[in-house]
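First up is the structure itself, then whatever we jot down about it.
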Amino acid sequence: MRERMQRFVLAIGCLLSLLVPALAQSGSTTTIPGQIPSIHFVSPVPDGEWTLPAGDYANTRFSPLDQINTKNVSSLKIIGTMSTGIPHGHEGQPLVVNGTLYVVTPFPNDLIALDLSKPGFPMKWKYEPRPDPKAQGVACCDTVNRGASYGDGKIVYATLDNHIVAVDANTGKEVWRTLVGDIDIGETTTGAPLIVKNVVITGDSGGEMGVRGKVVGLDLKTGRVLWTAYSTGPDKDVLIGPDFKAFYKKDQGKDLGVSSWPTDAWKIGGGPVWGWISYDPETDLVFYGTGNPGPWNPDMRPGDNKWTITIFARKPETGEAKWAVQLVPHDAWDYDEIMENIAVDMNWHGQMRKLLIHPGRTGYVFVLDRETGEILSAEKFQPVNWSKGYDLKTGLPDVDPAKVTHTGVNARQVCPSSTGGKEFVPSALSPRTGFLYIPAHNTCMDHESIQANYIAGTPFLGSSTTMYRGPGGYQGELLAWDVANAKPVWGIKETDFPVYSGVLATGGDLVFYGTMDGWFRAVDARSGTVLWQTKLASGIVGDPITFKGPDGRQYVAIYAGIGGWMGAAALPSISIDDPYAALGITGAMKKIKQVTGPGDLLYVFGL
Amino acid sequence: MRRRMKTCITFLGLLLLSCAVACNEQQTHAAASGAPPAIGIPVGPVPGPKVALNLPANPYANDQVALTEGRRLFVWYNCSGCHGGHGGGGMGPSLRDPVWVYGSSDAHIFASIAEGRGMGMPAWGTKVPEDQIWKLVAYIKSMRTPQEPDPPIVAQEPQVKRPGP
């Protein structure tokens with residue numbers, strides 16, 4: 001009897017623990033009308049509010065809302081706008097919780113709350129964290145911020161000078177603030193935290209400054225640091241313990257984060273975690289990718305340089321690593337793989353499998369088994385010549401030595417450039433089409449290594465890089481990618497600029513995204529036909545979201561404010577006549593100043 | 001030449017010191033005696049009647065060897081990482097363009113480098129010797145002029161071959 005009782009309690013406990021993440025998100029659902037039977041979404045998708053950076057834990061950026069659809073999207077119009085007053089890159093996306101829309105601005109990282117229940121969306125309050133202005137000098141790629149997460153009545157986000165702040169969502173009062181990094185060694189924080197259960201998970205930026213990459217878990221209630229997982233160094237620092245099991249031989253062994261580097265180089269070896277973090281309630285694992293090793297000059301760090309450019313799976317409460325797979329050992333291209341990792345169950349070659357989809361900077365769409373880290377498929381989605389392909393048995397790329405730079409050796413016409421086949425800007429996955437909508441780049445580079453000199457708080461690069469448009473007469477593309485068949489379906493090409501905005505897919509079979517010259521578009525998710533577009537006041541590098549207002553109507557929101565790494569070329573502080581400016585992107589962005597200027601706007605569209 | 005440089009450096013040092021330590025005191029004193037107040041390297045406009053500032057000049061201006069050395073130092077001290085390979089900007093603003101937030105004179109640029117600036121420009125005065133700072137100033141001032149060593153060349157867009165499957 002006691003035993004039965006115990007079992008009963010256990011079962012209830014299990015059920016509850018399964019339910020908790022679902023409950024944390026109000027305004028979300030797991031029923032998706034019209035979804036393909038062979039696709040199963042593993043976390044609830046937003047059908048009213050938008051409480052997490054990607055809308056859901058799994059990073060699908062899909063919403064089943066369908067009031068705005070292929071039939072009526074042509075009458076979409078501006079319902080509200082707001083200026084943040086900060087003419088820098090507006091990356092990331094707002095949140096919508098309980099009739100309020102929250103905007104995190106670029107530095108100085110103000111949090112602005114707008115009342116969606118009143119016409120014109122008036123401001124409720126503004127929270128000003130006042131980060132240290134010196135942080136602006138060590139932020140590699142404009143003074144951006146990629147958004148906030150909501151949990152337990154708090155909006156949580158990072159300031160550029162490495163404070164994680166939690167703000168009362170009703171009053172705008174600071175609940176706690178915790179310092180998790182040091183600008184004096186070049187660390188900044190630009191990524192959006194993810195809240196899983198009671199843990200705020202966030203990483204650092206600074207791969208160009210010789211930082212030691214890391215992820216921290218903080219207590220949502222108090223802001224206390226619960227765990228820190230470094231990207232380099234001994235296993236105990238990387239939180240690799242007895243439960244860790246790497247799928248590939250190359251990723252197995254003790255303290256690889258030390259032995260795959262020259263003496264002590266791991267201490268300034270990079271691997272920052274500035275991109276998107278996802279979570280799968282089914283396996284109770286958190287996923288993220290690490291950034292590039294430092295310096296960029298590969299000759300200065302012989303070895304595999306673990307755990308840079310690696311995808312990690314970790315337990316949210318403790319940070320313990322479950323598995324890891326390094327996608328690029330000994331990187332010579334600055335291919336950060338901090339992009340979104342989308343958790344979804346799908347029919348894969350005749351069998352339902354737990355997948356993790358990672359469209360990468362390397363130019364490949366990786367499909368992994370998210371229980372083990374096995375690479376099931378790696379297919380090129382843009383022109384790629386640094387490697388011929390991946391050996392799925394070993395997990396290693398087949399690298400072309402002619403495309404590897406060395407000290408004094410200029411590797412020419414390397415595709416993609418450091419900025420990747422896509423950047424951090426997130427793609428969206430629709431369960432109604434089975435397509436992944438990738439904001440893609442086609443930029444190539446000449447990449448020469450020079451001796452790098454480590455001076456704390458300054459760039460640790462050792463590289464001379466210039467970039468330009470890749471083959472085929474286009475530089476950007478919104479690409480619909482058939483995940484199950486690992487092939488492109490349709491694409492909308494941009495002649496002069498990469499696509500540098502995130503993507504949103506909806507139940508109305510629409511795909512929303514923006515261009516660097518300021519067009520905001522709604523596209524037919526099945527055919528790729530542009531059904532609606534409008535020109536915004538500045539180039540778009542933010543991510544569209546959708547929500548239901550207190551009036552029950554569907555809206556779509558997006559930032560217009562050019563900036564970020566490639567977009568910085570539009571800012572007055574960058575001179576296009578230096579092709580090596582802004583880490584080499586200016587050659588690829590020659591026309592940007594003619595077509596757009598700095599902006600600072602939030603747009604909300606509706607019918 | 002050596003003497004002039006020494007004077008410059010002493011001048012700069014003194015100005016810094018006097019302002020940091022005794023700005024207030026000196027001003028009161030100056031007002032009392034009717035003598036012109038001491039001015040450092042003013043970044044803002046100087047109110048009242050015009051006063052000659054007598055800012056120190058760069059001992060290495062137009063010295064081609066120094067320009068080349070300045071270029072080398074610009075890369076060596078990672079100025080290039082923040083300000084662009086050839087000063088076109090990045091984490092820090094372009095130094096090629098005609099915009100000077102903190103003043104365009106040699107002395108102003110020297111002060112920007114030596115003292116640092118509030119929005120993240122490191123203060124190099126304790127790390128880089130004065131003569132090297134002047135060489136950096138000389139190199140920065142040569143940008144976009146025919147004297148610029150190793151000027152950036154904006155290449156034609158290469159025809160990249162489409163990689164095979």
Side-chain angles (χ1 to χ4, degrees), chain A residues 132-142 183 208-209 380 383-386 388-389 400 412-413 415 442 444 446 450-455 457-466 468-472 568-569 571-588 590, chain B residues 71-102 112-113 115-124 126-128 139-140 142-145 148 150-165:
Chain A
D132 187 336
K134 294 197 289 294
Q136 295 169 94
V138 284
C140 84
C141 307
D142 199 5
I183 56 170
E208 281 56 58
M209 313 294 284
K380 296 174 181 178
V384 171
N385 64 17
W386 69 274
K388 295 194 177 63
D400 179 351
R412 292 186 196 276
Q413 305 201 355
C415 306
N442 174 23
C444 301
D446 292 356
I450 53 179
Q451 190 67 23
N453 180 13
Y454 180 77
I455 306 171
T458 74
F460 189 43
L461 285 168
S463 124
S464 242
T465 308
T466 54
Y468 37 84
R469 182 165 61 178
L571 305 182
S573 56
I574 307 281
S575 302
I576 300 283
D577 69 340
D578 175 6
Y580 300 87
L583 305 169
I585 53 94
T586 34
K590 276 185 238 165
Chain B
R71 162 91 196 125
R72 187 187 72 78
L73 295 168
F74 191 77
V75 176
W76 181 243
Y77 286 120
N78 299 339
C79 316
S80 56
C82 281
H83 287 285
H86 296 259
M91 301 176 221
S94 173
L95 304 173
R96 301 184 70 75
D97 65 11
V99 181
W100 293 100
V101 178
Y102 302 102
S112 284
I113 300 169
E115 296 163 28
R117 296 300 185 198
M119 295 197 287
M121 166 66 182
W124 293 93
T126 59
K127 187 153 195 87
V128 181
Y139 165 60
I140 290 170
S142 79
M143 287 175 184
R144 284 190 183 164
T145 72
E148 177 176 0
D150 184 19
I153 295 151
V154 182
Q156 283 293 316
E157 190 173 285
Q159 278 306 312
V160 188
K161 267 213 333 274
R162 199 166 249 290

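Order of the sequence lines sets the chain letters (A, B, ...), proteins ahead of strands, with each chain counted from 1.
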Of all the heavy-atom pairs spanning A:Ala581 and B:Gly89, show the shortest one and how long it is. CB-O, 3.3 Å
A:Leu571 side, atom CG; B:Ser94 side, atom OG - distance, nearest 0.5 Å: 12.0 Å
Pair A:Tyr468-B:Val160, side chain to side chain contact (heavy atoms under 4.5 Å, CB included): steps then yes or no: CA-CA 9 Å; A:Tyr468 37 84; B:Val160 188; 3.6 Å; yes
With a 3.5 Å distance limit and no angle check, can you tell me whether B:Asn78 reaches the backbone of A:Asn453 through a side-chain donor-acceptor pair? yes
Checking heavy atoms, do the side chain of B:Leu95, its backbone, both or neither come under 4.5 Å from chain A? neither
Heavy atoms only: give me the nearest A:Asp578-B:Gly85 pair and the separation to one decimal. OD2-N, 3.7 Å
Write down the atom of A:Pro459, the atom of B:Met91, and the distance for their closest heavy-atom approach. CG-CE, 4.0 Å
Inter-residue atom distance A:Glu208.CD - B:Cys82.SG, 0.5 Å rounding: 11.0 Å
What option among A:Thr586, A:Thr458, A:Ile585, A:Leu583 has the most heavy-atom pairs under 4.5 Å with chain B? A:Thr458
Name all pairs fulfilling the salt bridge (Lys or Arg N to Asp or Glu O under 4.0 Å) condition that reach into residues 78-89 of chain B, sequence neighbours left out, sorted by first residue then second. none
Taking every heavy-atom pair that is under 4.5 Å apart, which of B:Pro151, B:Gly92, B:Gly118, B:Pro122 has the most such pairs with chain A? B:Gly118
Which bit of A:Cys140 comes within less than 4.5 Å of chain B, counting heavy atoms only: side chain, backbone, both or neither? both
If you measure from NZ on A:Lys134 to CZ on B:Arg117, what distance do you get to the nearest 0.5 Å? 14.5 Å
Report yes if the side chains of B:Lys161 and A:Pro471 come closer than 4.5 Å at any heavy-atom pair, otherwise no. no
Pairs flagged by salt bridge (Lys or Arg N to Asp or Glu O under 4.0 Å) wherever residues 83-100 of chain B is involved - sequence neighbours left out: A:Asp577-B:Arg96, B:Arg96-B:Glu148
Interatomic distance, CG@A:Asp132 vs CE@B:Met119, rounded to 0.5 Å, equals 12.0 Å
dist B:Met121:CE -> A:Gln136:CD (nearest 0.5 Å) comes out at 14.5 Å
Quick one: of A:Ile183, A:Ile455, A:Asn385, who has the most non-hydrogen atom pairs under 4.5 Å with chain B? A:Ile455
Side chain from CB out, backbone as N, CA, C, O: work out which of these in A:Ala139 comes under 4.5 Å of a heavy atom of chain B, or both, or neither. backbone
From the list A:Ala582, A:Gly587, A:Pro572, A:Gly470, the residue making the most non-hydrogen contacts under 4.5 Å with chain B is A:Ala582
